[in-house]
Structures are given as C-alpha cells and as structure tokens.
Amino acid sequence: MRTNHILGESVRLLVLGAIAIIFIYPFWWMVVNSLNSAAEIFGKPRLLPVSWRWTNYLEIFQVQPFARHYLNTLYVAILGTAGNIIVASLSGYAFARLRFPGRNGLFLLLLTGMMMPIEVEIIPLYFEMQKFHALDTLTPLVLIPMFCSQGAFSAFMFRQFFVTMPDELEEAARLDGLHPIGIYTRIMFPLSQPIVASAAILTFLSIWNSYLEPLVFLSDIQKFTLPLSLANFNDSYGLPQWHLQLAATTLSVIPIMAVYSFFQEKICDAMVNTGMK
C-alpha cells in the first residue's frame, strides 16, 4: 500500500510539474529574450540569454518616457481602486441593509451594468468625457473603474457579504445610537475586510492591464499608461522593437505578479464565498 501511495504521489508530482512548465515557459521566454538583441530573439530557442544585454532595460527609458508611464499607471490604479472600494462598499451596504423604494429594480440595473462590457459603453463614455472636457486626461481612467462594470461587480460582492450580516448586530448598533452611516463606518466596513482586499486586488489588476480606455481617451504621450507604452516601442519604420518591448513588459508585470501571488488565496476565497452566501 505504501509503495502504491508513493508511486501515485510521484506520478501526480510529475504531471503537475509538466503542467507548471507549460505555464511558466512563456514568462521565462519573455525574461530570457528581454536580455537578447532583436536578431537573437528569432533564433533557436534557448533557456538562457545569448548576449545578456542589460542595456535593453536602460534603453526603454531613453526611447520614450517609460518612468512617467509607470507613474501614470500607479496613479490611476491607486486612485481608481480606492474610489472603487468607497463607492462599491457604500452602494453594497445600501442594497443589503437599507429599505427604500425601487431597491430591487436598481439592484437589477446594477447587475445589468455588471454584465455589460466596456466595449459597449466606450462610445457614450467618450462623448460624456468630451462634454466635461476630460479628454486627454487621466480622469476617465480613474472614474470608469468606479462607476462602470468593475464598480458594479465590486458592489455586488459587497452586497452579497453585507446580506449575511445578522440583523441583531445592526439592531444593537441602533440601540447604541448609531445612524446608518455610523453603522457602516464603525461596524460593517471593518468587518468586510476580506471583500475589501479581494475587490481591491481585482480592480487594481483590471486597471493596470487596461488598454482600450487609455487608447480611446489619451493622445499625449506624457499621459500614456503602461499598456499603451508597451505598444509604442517601434523603430523609425513602425516595426516593433521586440527586445525593448519584452524588457518593458518584464518590468511592467513584476508588480502584478507579486500582488497576485501574495493575495491569490483571498481572491479565490472571495469568489467562492460570494457565490455561496
């Protein structure tokens, strides 16, 4: 029996290792070729760089204002994530704990917004931002995650969590003289930290990887975010500078991989619990 158990575990580890290699290899290929020249990228695949061109990582800051693009992305991601959490938690609390006319209809409208992709909304959003003189600014990139489908999804997560809170907790708070805002700020929001963490991570990832919205709303290269910046490494003939694109991509994915690796368990738990409660 013990021999069969060891054999089964060995086979399982070999299968998992083979699957892991399949998923890891594209990232490893990107890192390796970020240290090669453009000609060496299309040569025979290697597990290690050929020329170890560390100058690729310096050149990406010389070709375009890549550091500025990094800061723009951080600015948009942090503000958009914070706004998403504030707006979504307030609306989720209202839908879950407050009684007001039309609540069910508005919640159905919220679900509809959650299922509507940004591609459907992008044209009316463009004209709306044009009316408010917000084109070619970072403002739309901050507001869209707060009020469009990403915000609706976060509000849904908060609503599902707040619904599970016992009524006795809220009644005790009212007896202590707390109004709805006090109940939200002093009781409900602190208890929703797992949902806060999960919604924040998902929103941050969505903003960081967003390409369509910056492409539509931005034209000044100084205001570009990383997804636009990565597509802008071209030579004088308009051809991609692959070695620079790979180096820039490697730098851009490191924060995302670190955040997701650290918080992935919270994301999975929130997805499961939100669907069950």
Side-chain angles (χ1 to χ4, degrees), residues 27 30-31 34 55-88 117-119 121-154 196-197 199-236 238 240-263:
F27 177 77
M30 176 185 69
V31 174
S34 70
T55 54
N56 289 349
Y57 286 89
L58 297 178
E59 192 174 348
I60 59 177
F61 294 95
Q62 300 168 355
V63 172
Q64 60 176 324
F66 188 72
R68 178 69 181 181
H69 299 163
Y70 224 109
L71 292 176
N72 290 342
T73 310
L74 283 173
Y75 172 82
V76 171
I78 292 173
L79 285 187
T81 301
N84 176 282
I85 296 301
I86 294 171
V87 173
I118 189 62
E119 289 80 4
E121 306 170 336
I122 198 68
I123 294 177
L125 283 173
Y126 178 87
F127 287 110
E128 183 178 3
M129 294 302 167
Q130 185 182 51
K131 184 176 181 179
F132 289 105
H133 306 287
L135 294 181
D136 204 20
T137 71
L138 299 177
T139 302
L141 309 185
V142 175
L143 294 179
I144 288 175
M146 296 167 57
F147 298 104
C148 292
S149 56
Q150 187 66 44
F153 180 69
S154 298
V196 171
I201 295 161
L202 293 175
T203 303
F204 189 89
L205 292 174
S206 175
I207 298 173
W208 191 273
N209 296 319
S210 175
Y211 178 77
L212 177 61
E213 295 91 322
L215 180 65
V216 170
F217 293 111
L218 300 179
S219 57
D220 184 359
I221 191 173
Q222 294 293 332
K223 297 184 175 68
F224 278 11
T225 56
L226 284 177
L228 288 185
S229 180
L230 297 178
N232 203 42
F233 284 102
N234 301 315
D235 59 20
S236 56
Q241 296 175 299
W242 294 111
H243 58 303
L244 299 184
Q245 284 194 6
L246 292 174
T249 303
T250 301
L251 290 182
S252 68
V253 301
I254 289 175
I256 292 299
M257 291 188 63
V259 170
Y260 188 81
S261 299
F262 188 76
F263 291 108

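The figures that follow rest on heavy atoms only: side chains count, while hydrogens, waters and symmetry mates do not.
Residue pairs meeting the side chain to side chain donor-acceptor pair (under 3.5 Å) criterion with at least one partner in residues 210-226, sequence neighbours excluded, are Asp136-Ser219, Ser210-Glu213, Asp220-Lys223.
Counting heavy atoms from C-beta on, the side chains of Phe132 and Thr139 never come closer than 4.5 Å. No side-chain heavy atom of Leu138 sits under 4.5 Å from any side-chain heavy atom of Phe217. In this structure, His69 and Leu228 have side chains that are not in contact, with every pair of non-hydrogen atoms separated by 4.5 Å or more. Counting only heavy atoms from C-beta outward, the side chains of Gln64 and Ser229 approach each other to under 4.5 Å. Within the 4.5 Å cutoff, no side-chain heavy atoms of Ile85 are placed close to those of Ser154. You'll find the side chain of Gln245 reaches within 4.5 Å of the side chain of Asn234, heavy atoms only. Annotation: side chain of Asn56 is not in contact with side chain of Leu246 (no heavy-atom distance under 4.5 Å).
Heavy atoms of other residues, nucleotides or ligands lying less than 6.0 angstrom from CD1 of Ile123 number 12 at most. Open room surrounds OH on Tyr75; 12 or fewer heavy atoms of other groups in view lie less than 6.0 Å from it.
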Practice task
Please lay out, stage by stage, how Thr73 and Phe224 fare under the test side-chain contact (heavy atoms from CB on, under 4.5 Å).
Solution key: CA-CA 8 Å; Thr73 310; Phe224 278 11; over 6 Å; no

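Within the 6.0 Å centre-distance limit, the rings of Trp208 and Tyr70 are counted as a close aromatic pair.
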Would you tabulate the side-chain donor-acceptor contacts of residues 124-131 under 3.5 Å, counting partners in other chains and residues two or more places apart, or write 'none'?
none

